[in-house]
Amino acid sequence: MLIHSAAQLLTIAGPPQRGHALGNLGIIENGAVLIDDDLIAAVGPSDEMRVIYADEEMLDATGRVVMPGLVDPHTHVVWAGDRAAEFEMRIQGKTYMEIMQAGGGIVSTVRNTRSASLGKLLTETRPRLERMFANGTTTAEVKSGYGLNTETELKTLDAVLALDAEGPIELAPTFLGAHALPPEYKDNPQGYTDLVCEDMLPALKEWWQHQLAVISNQLSVASHQSSVTGQPITNLPFTDVFCETGAFTLKQSRQILETARELGFPLKIHADEFDNLGGAALAAELGAASADHLVVTSKEDIAAMGASDTVAVSLPCTPFGLAEGEYTPAKDFLDADCILAIATDINPGTAWCESMQFAITLACRYLRLTPAQAIVAATLNAAAAIDRADRIGSLEPGKQADLLILDVPDYRHLGYRIGGNLVHTVIKKGQVYTI
Ligand code: NIG
Ligand code: FE
């Protein structure tokens, strides 16, 4: 299939974009992209491509922007219930941390998620994923973390794999057993940290090895290989920790992440959402894929991130959702040569946001990113934050055919416009979905 006559084709070709190099869209005006099965076969000027590939099925994108599918590299989208009442309390003046210390917050979603069956979790999560997909997210990372015991953490990850298999949105699982202290360990943070290290992470490893055996039985070896590297695709789940006052200390975060690393898991961290504990520098030191939130990160920690390949993931929907004034100081991260990405952080407490377009809108205003910078942060750099930049995030031959056709003639409408959906068509692994 040839998608042709795009007013602007954003290829975003090349490696993840560091520091002030962020924002190179690789635009082809009047561009075309050839899709062969589930992969991109060629990109180029429409006039030439229409002659060379005259026999292909044609999709006319006249007057529209064609770009890579949005990648949401930080979500908590699998949960049961809601926290509308807490939202109202916050609006009336209670803080997120006050509600959490009073037994609400994450732990209230934990109660609902523990008592939900796998079927109920799937039923509640599916419409959220459908809205994410309709808003242009073609791949999303998804964290557990509303179980806080082995059984419910693995039930959540089972849900992630089941929803990934259903498609069309592709999901990358993350184990966030260290999201909060469960009620039964309320006064024993070290005991829970040890439980994560000694029981939950080994159980996760066993669970994953079982899943891998199931996956490789179901898929032919060919379809289970990266078309770019030829390597088998066996993305292990990430291990993540909420390194924050009231959650896990830097020392406990290190213990969990080092244990996970020894077991072979790639790493992530929630750091500096409210307090600067040093989590971002720890992520850089341990070679984590990303450190996320990064609102109150120190200059030293930002420098450590800039000297590493750890992606800095900013979550602008979270301070917005909490009605707080402080956002990631994006310019400092770019000055330090960091790889900057953005995500929604969709969760029932701080930011129930299914739209990466809205994250872009906020990033332009509060992180002061240009639309071009925000778009790269939401595609190629977001793919790097989940170790998938070799497969998705840009329109280049050999990459997966995950694309959006936007019903606008200029990419800057992303960021400029607020709260709507500019997506006309989503193409996921070469399949066309009209929105
Ligand atoms: O990323 N920071 C910790 N976790 C989520 C909030 C989860 C919740 O409140 O349910 C976040 O903002
Ligand atoms: Fe989060």
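Order of listing sets the numbers, starting from 1, for every ligand and every atom in it. One is the number of the first residue; the rest follow in order along the sequence.
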Going through the distances and angles, do Glu141 and Lys143 end up as a salt bridge (Lys or Arg N to Asp or Glu O under 4.0 Å)?
CA-CA 7 Å; Glu141 182 258 17; Lys143 301 172 196 301; 2.7 Å; yes

Between [X] and [Y], does any side-chain donor sit less than 3.5 Å from a side-chain acceptor?
{"X": "Asn112", "Y": "Thr109", "value": "no"}
{"X": "Gln400", "Y": "Asp38", "value": "no"}
{"X": "Ser394", "Y": "Lys399", "value": "yes"}

Of all the atoms in ligand 1, which lie at a distance below 4.0 Å from a heavy atom belonging to [X]?
{"X": "His293", "answer": "1 (O), 2 (N), 11 (C), 12 (O)"}
{"X": "His74", "answer": "1 (O)"}
{"X": "His270", "answer": "1 (O), 2 (N), 3 (C)"}
{"X": "Arg83", "answer": "8 (C), 9 (O), 10 (O)"}
{"X": "His179", "answer": "3 (C), 4 (N), 5 (C), 7 (C)"}
{"X": "Tyr96", "answer": "6 (C), 7 (C), 8 (C), 9 (O)"}
{"X": "Phe242", "answer": "2 (N), 3 (C)"}
{"X": "Ile106", "answer": "7 (C), 8 (C), 9 (O), 10 (O)"}

Which one holds for Glu244 and ligand 1: side chain close, backbone close, both close, or neither close, with close meaning a heavy atom under 4.0 Å?
neither

With heavy atoms only and a cut-off of under 4.0 Å, state how Tyr146 meets ligand 1: side chain, backbone, both or neither.
side chain

Without swapping roles, check the side chain of Glu258 against the backbone of Gln255 for a donor-acceptor pair under 3.5 Å.
no

Aromatic contact between Tyr327 and Phe320, with the criterion being ring centroids under 6.0 Å apart: yes or no?
no

Tell me which protein heavy atom sits closest to atom 2 (N) of ligand 1, plus the residue, atom name and distance to 0.1 Å.
Glu273 OE1, 2.8 Å

contact_flag Met100 ligand 1 heavy-atom lt 4.0 Å:
no

Is His270 close enough to the Fe ion (ligand 2) that one of its N, O or S atoms comes in under 2.8 Å?
yes

Check whether any N, O or S atom of Asp345, backbone or side chain, sits closer than 2.8 Å to the Fe ion (ligand 2).
yes

Any nitrogen or oxygen of Asp345, side chain or backbone, less than 3.5 Å from one on ligand 1?
yes

Can Arg64 and Asp407 be counted as an ion pair, charged N to O under 4.0 angstrom?
yes

Taking the Fe ion (ligand 2) as the reference point, name the nearest N/O/S atom of His74.
NE2

Can you confirm whether more than 12 heavy atoms, excluding those of Glu285, are under 6.0 Å from its CD atom?
yes

Could you check if a side-chain atom of Thr125 sits within less than 4.5 angstrom of a side-chain atom of Trp79, using non-hydrogen atoms only?
no

Would Lys429 and Asp402 count as a salt bridge (Lys or Arg N to Asp or Glu O under 4.0 Å) if you check the C-alpha gap in whole Å, the side-chain angles of each, and the deciding distance to 0.1 Å?
CA-CA 5 Å; Lys429 291 187 181 167; Asp402 292 1; over 6 Å; no

